[in-house]
Amino acid sequence: MDLTQDLHRIARSLPLVGAGNPVGEDYTGTRLGVCNLCEAICGIELTIDNGDVTGIRGNPGDPLSRGHICPKGVALADVYTDPDRLRRPVKRVGDGPDARWEEVSWDEALDLAADGIAAAINDHGRDALGIYLGNPNAHSLGALTHGIGLIRSFKTRNKYSASSVDQIPHMYVGMLMFGHQLLLPVPDIDRTSYFLVFGANPMASNGSLMTVPDFPNRVRELKARGGRMVVFDPRRTETAKVATEHHFVRPGSDALVLLAMVSTLLAEGLVTPPPYVDNLDALEAAVAPYTPERAAAVSGVSAEVIRQVARDFAAADGAAAYGRIGLSTQGYGSICQWAINLLNLLTGNFDREGGVLFPEPAIDGVKQKLIGRGHFDLWQSRVRTMPEFGGELPVACFREEIETPGEGQIKAVLTLAGNPVLSTPDGRRLGEALGGLDFMASVDIYLNETTRHANVILPPTTALERDQYDVVFHMLSVRNTARFTPAVFAKPAGAMHDWEIFRELVFRTDARLHRTKPLRQRIAERVRFSTSPTVIVTTLLAAGRKTSLRALRKHPEGVDLGPLRPTMPARLETRTKRIDLAPEALVADLARLDSFEVPAADELVLIGRRHKSDCNSWMHNSERLTRGKPRHQLLMHPTDLAARGIADGALVTVASRVGSVEVEVAAAEDMMPGVVSLPHGYGHQVEGIRLGHARTVPGVSINDLTDPERLDLSGNAALSGVPVTVSALVPATV
Ligand SMILES: Nc1nc2c(c(=O)[nH]1)N[C@H]1C(S)=C(S)[C@@H](COP(=O)(O)OP(=O)(O)OC[C@H]3O[C@@H](n4cnc5c(=O)[nH]c(N)nc54)[C@H](O)[C@@H]3O)O[C@H]1N2
Ligand SMILES: Nc1nc2c(c(=O)[nH]1)N[C@H]1C(S)=C(S)[C@@H](COP(=O)(O)OP(=O)(O)OC[C@H]3O[C@@H](n4cnc5c(=O)[nH]c(N)nc54)[C@H](O)[C@@H]3O)O[C@H]1N2
Ligand code: SF4
Ligand SMILES: [Mo]
């Protein structure tokens, strides 16, 4: 045994080591890892041959994921090996199609970034810096432990993230009803006998705000024990196909359907709410007008179905209502999430086995106060006066804040792991706005549709090279477990972790700012940024007292902390320790719902979709994920095609108020008539620039059609249900 191995062994036995025990360059054997590509956080086993990953499979020993893996998990190795992935910082020389990218040293790149950020703040004030945080931040321990510090340090009000094209309605309603933005009930899928799903497709997405690896088998088990899964979705999705019942619902009309279910429960005396709720009378008065007949007239769901589902839900021995992207990214997302909570609460399925429960994670962000309870509308965006939520402004306002002159205008942008040009409404024009900035820096592992506008790109290490503990997703998991995964591979020489990049950005920018921070803040930041994510996890686990890093290191497959348990009302964060069934702001928003309009008979509305082999706006560089049948087409019902004289396979123009795209159409019986669907995260072609997508994947960006003017009460973008027209461009050749 040589000295290095001895050192590794000693390091492993210490609770406070940062780097874990990465495999050597010539390692051959297996190694446990974790997939960070979606919220299912599957445990994986890598086969490594002489330092190369030759295979990835699900780890059957993982108490949560139980051996599950999807095509993306297998492709995790492609991120690690992709020659197009950035491994050194690059700076842009020149503009537009003539731009060239040059590798530069970390020192030069970080100084360049700090110069640009500091210049904007010095010349125009702190709000001159705009920040966008993308989805993968939630999947990186370092980004979570150190990202908040970075954002606080810059003090800008121009903060944007993927949350406002995603789950703000859940968080807003969680804050209003349970007193905290991260108190989100999770379906007890393993014990429920009635799983009611609105606007989610976990067979493709593997679940969201519900960490549920191995969803296909869990549904199989649900059905095997006589349980039911009932799905409401405008597309007969992969999930709808394995459901016991599926109902088409017109996009954006769910709030009316859900409220009609709530009013049915009340009208028929089917309610058994827990003792710690208030305002049942107010609720009854507010929802009484929302009858099944009224919902049926606009939703395409019959009044009988609405009544029957409400009755079945109330009668089931353990029922869980759940609504995801299709509910939260629409015009009435907050009302929808309120109504979902009401269904669970009123039927006694809130905080009950087989209903919905609150996980008890080993690191509890709520209890340990890692994040505040949330706030809403404390300030507004400058141009459109849209409300902040939890300190963030709606990303649908990002472009206008860059383009509109005046005090507080964004002059420089920093993006962290995000591609808002493809991911946020009217993305094309956001891209143009980014092109006009004084300065932009991106922390990202690829040159993409967004980062191509940056002056400098700072690429961090990737999943297999860093320690991981899923702080967020253990809080949303269908079973209480904990797992710490040390980096599989060592950080390569000359690479930086995301949190180290954040540290340098903060320190180097501070050194250039005319304003100086109070000494106390500077010392606190020094300490925070000098502490590694793993040390922070160690401390948080110790404080949580459910397990320890030492225990988790002994069990890299993860430890089981048991099924979900009732914990309420003790964990309510409301001042009264009670739940308001009829929060004023939500009741007031019903007035807006009353103007919900059914599209004209010849009008179409657009919705999105996910595929099990797509990963938001990236991973299209992976050959194994992109080969096979194309899946970028506009899906449209045959009767809608026929009505327009469009043939299956034709090239069509899809136009909305905001823009138009040209794309192939595919006839799909699975679509609700009147509804068309495009996947998001496509549309990579940018002329003259070699992006980090060497493989040309066809398709257009749905977000060149989505409309930044369409928002929910919470400020979340209403990406779903956009009115569009579809017309033939070129007749089909086949
Ligand atoms: N129309 C429509 N639009 C949508 C949605 C929809 O359903 N319909 N869904 C929305 C949702 S839910 C979300 S979450 C957003 C997601 O949208 P974004 O926030 O833009 O996130 P991604 O598309 O995942 O972009 C990931 C970027 O991060 C980079 N990256 C990957 N891993 C790392 C890493 O470890 N570190 C760093 N620094 N960078 C990394 C990738 O190169 C890529 O550029 O899209 C939203 N947009
Ligand atoms: N394979 C894969 N998995 C992913 C991702 C990915 O890009 N690819 N992204 C991850 C991310 S960031 C997230 S947030 C989650 C999202 O997880 P999910 O919420 O499961 O996401 P989707 O598959 O988009 O499912 C949304 C469903 O809502 C339906 N829908 C659209 N509009 C409406 C409506 O108005 N009413 C109703 N009732 N339904 C509607 C759509 O047809 C679609 O089936 O997935 C995560 N997992
Ligand atoms: S479901 Fe797939 S993408 Fe999601 S964590 Fe598991 S292997 Fe990764
Ligand atoms: Mo998301």
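Since this is a predicted model, take the numbers as computed values, not measurements. As the structure lists them, so they are numbered: ligands from 1, and atoms in each ligand from 1.
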Given the rule in the ring-ring contact (aromatic ring centres under 6.0 Å, His included) test, do Phe215 and His68 qualify, once you have shown the distances and angles that lead to the verdict?
-> CA-CA 9 Å; Phe215 182 79; His68 180 71; 9.5 Å; no
Look at the side chain of Asp233 and the backbone N and O of Arg235, then say whether any donor-acceptor pair between them is shorter than 3.5 Å.
-> yes
Residue pair Ala75 / Ser622: nearest heavy atoms and the distance that separates them = CB-OG, 3.7 Å
Determine whether the side chain, the backbone, both or neither of Val165 has a heavy atom under 4.0 Å from any heavy atom of ligand 1.
-> both
Tell me which one of Leu258, Asp254, Leu625, Val231 gets a heavy atom nearest to atom 38 (N) of ligand 2.
-> Asp254
Does Pro460 come within less than 4.0 angstrom of ligand 1, counting non-hydrogen atoms of the residue?
-> yes
Asn448 contact mode with ligand 1 (heavy-atom cut-off under 4.0 Å) = side chain
Within-cut-off N or O pair, Thr706 and ligand 1, under 3.5 Å | no
Proximity flag Gly721 to ligand 2, non-hydrogen atoms under 4.0 Å | no
Can an N or O of Asp166 be found at a distance shorter than 3.5 Å from an N or O of ligand 1?
-> no
For Asp614, the option from Arg609, Arg631, Lys72 that meets salt bridge (Lys or Arg N to Asp or Glu O under 4.0 Å) | Arg631
Applying side-chain contact (heavy atoms from CB on, under 4.5 Å) between Val53 and each of Leu46, Thr47, Asp78, Thr81, report the one that passes.
-> Leu46
Write out the residue and atom name of the closest protein heavy atom to atom 33 (C) of ligand 2, then the distance separating them to 0.1 Å.
-> Gly326 O, 3.5 Å
Protein N, O or S atoms less than 2.8 Å from atom 2 (Fe) of ligand 3, ignoring waters?
-> Cys70 SG
Under-4.0 Å heavy-atom contact with ligand 2, by part of Lys72 that carries it = side chain
Do you know the tightest heavy-atom contact between Asp712 and Gly333?
-> OD1-N, 3.2 Å
Any N/O of Asn419 closer than 3.5 Å to an N/O of ligand 1?
-> yes
Using a 4.0 Å heavy-atom threshold (strictly under), name the region of Asn201 that reaches ligand 2: side chain, backbone, both or neither.
-> both
Proximal ligand 2 atoms for Asp233, defined as those under 4.0 Å from one of its heavy atoms | 27 (C), 28 (O), 29 (C), 41 (C), 42 (O), 43 (C), 44 (O)
Within a distance under 4.0 Å of any heavy atom of Asp614, pick out the atoms of ligand 2 and give their elements.
-> 1 (N), 2 (C), 6 (C), 7 (O), 8 (N)
Counting heavy atoms only, which part of Ala200 comes closer than 4.0 Å to ligand 2: side chain, backbone, both or neither?
-> both
May I ask whether Asp498 places a heavy atom under 4.0 Å from ligand 1?
-> no
Shortest non-hydrogen pair, Val74 vs Ile56, comes out as O-CD1, 3.9 Å
Among Pro425, Ala162, Ser442, Ser163, whose heavy atom sits nearest atom 15 (C) of ligand 1?
-> Ala162
Under 4.0 Å from ligand 2, counting heavy atoms only, is it the side chain of Lys612, its backbone, both or neither?
-> backbone
Mode of Val249 contact toward ligand 2 - side chain, backbone, both, neither (heavy atoms, under 4.0 Å) | side chain
Does ligand 1 have any atom sitting under 4.0 Å from a heavy atom of Arg466?
-> yes
Strictly under 4.0 Å, does any heavy atom of Val443 approach an atom of ligand 1?
-> yes
Full working for side chain to side chain donor-acceptor pair (under 3.5 Å) between Gln330 and Asp254 = CA-CA 9 Å; Gln330 56 151 287; Asp254 305 78; 2.9 Å; yes
Which bit of Tyr132 is near ligand 1, meaning a heavy atom under 4.0 Å away: side chain, backbone, both or neither?
-> side chain
A student comparing Ser164, Ala463, Cys38, Pro136 should find that the heavy atom closest to atom 26 (C) of ligand 1 comes from Pro136
Find all atoms of ligand 2 within a distance of less than 4.0 Å from any non-hydrogen atom belonging to Pro251, and give their numbers and elements.
-> 34 (C), 35 (O)
State if Thr462 counts as touching ligand 1 under the rule of any non-hydrogen atom under 4.0 Å.
-> no
In short, Ser163 meets Ile168 closest at the heavy-atom pair O-CG1, 3.1 Å
If you measure from each heavy atom of Ser423 to ligand 1, is any distance below 4.0 Å?
-> yes
Side chain to side chain contact (heavy atoms under 4.5 Å, CB included) against His453, all qualifying residues, sequence neighbours excluded = Leu434, Met440
Got an N/O contact under 3.5 Å between Ser205 and ligand 2?
-> yes
Look at the side chain of Ser442 and the backbone N and O of Thr450, then say whether any donor-acceptor pair between them is shorter than 3.5 Å.
-> no
Leu144: side chain to side chain contact (heavy atoms under 4.5 Å, CB included) partners, not counting sequence neighbours | Val471, Val472
Taking heavy atoms and a distance under 4.0 Å, where does Ile325 meet ligand 1: side chain, backbone, both or neither?
-> side chain
Ligand 2 atoms in contact with Arg324 (distance to a heavy atom under 4.0 Å) = 14 (S), 19 (O)
Based purely on interatomic distance, does Thr461 place a nitrogen or oxygen under 3.5 Å from a nitrogen or oxygen of ligand 1?
-> no
Would you please classify the geometry between the Trp499 ring and the His497 ring as parallel, tilted or perpendicular, with 30° and 60° separating the classes?
-> parallel
Counting heavy atoms under 4.0 Å, the part of Ser720 that contacts ligand 2 is side chain
Under a 4.0 Å heavy-atom limit, does Ile41 contact ligand 3 with its side chain, its backbone, both, or neither?
-> backbone
Contact partition for Cys615 relative to ligand 2, non-hydrogen atoms under 4.0 Å = backbone
Short N or O distance, Arg610 and ligand 1, threshold 3.5 Å exclusive = yes
Just which atoms of ligand 2 are under 4.0 Å from any heavy atom in Gln330?
-> 35 (O)
Residue pair Ala200 / Arg324: nearest heavy atoms and the distance that separates them | CB-CB, 3.5 Å
Between Arg592 and Leu711, which heavy-atom pair has the shortest distance, and what is it?
-> NH1-O, 3.7 Å
Do any nitrogen or oxygen atoms of Gly207 come within less than 3.5 Å of a nitrogen or oxygen of ligand 2?
-> no
Here the atoms of ligand 2 under 4.0 Å from any heavy atom belonging to Thr237 are 44 (O)
Within a distance under 4.0 Å of any heavy atom of Ala204, pick out the atoms of ligand 2 and give their elements.
-> 1 (N), 2 (C), 3 (N)
Proximity of Glu449 to ligand 1 by residue part, where a heavy atom lies under 4.0 Å = neither
Pairs in or reaching into residues 671-684: which pass salt bridge (charged side-chain N to carboxylate O under 4.0 Å, His left out), with residues at least two apart or in two chains?
-> none
Check if Leu416 has a non-hydrogen atom at a distance under 4.0 Å from any atom of ligand 1.
-> no
Region of Asn703 engaging ligand 1 - heavy atom pairs below 4.0 Å = side chain
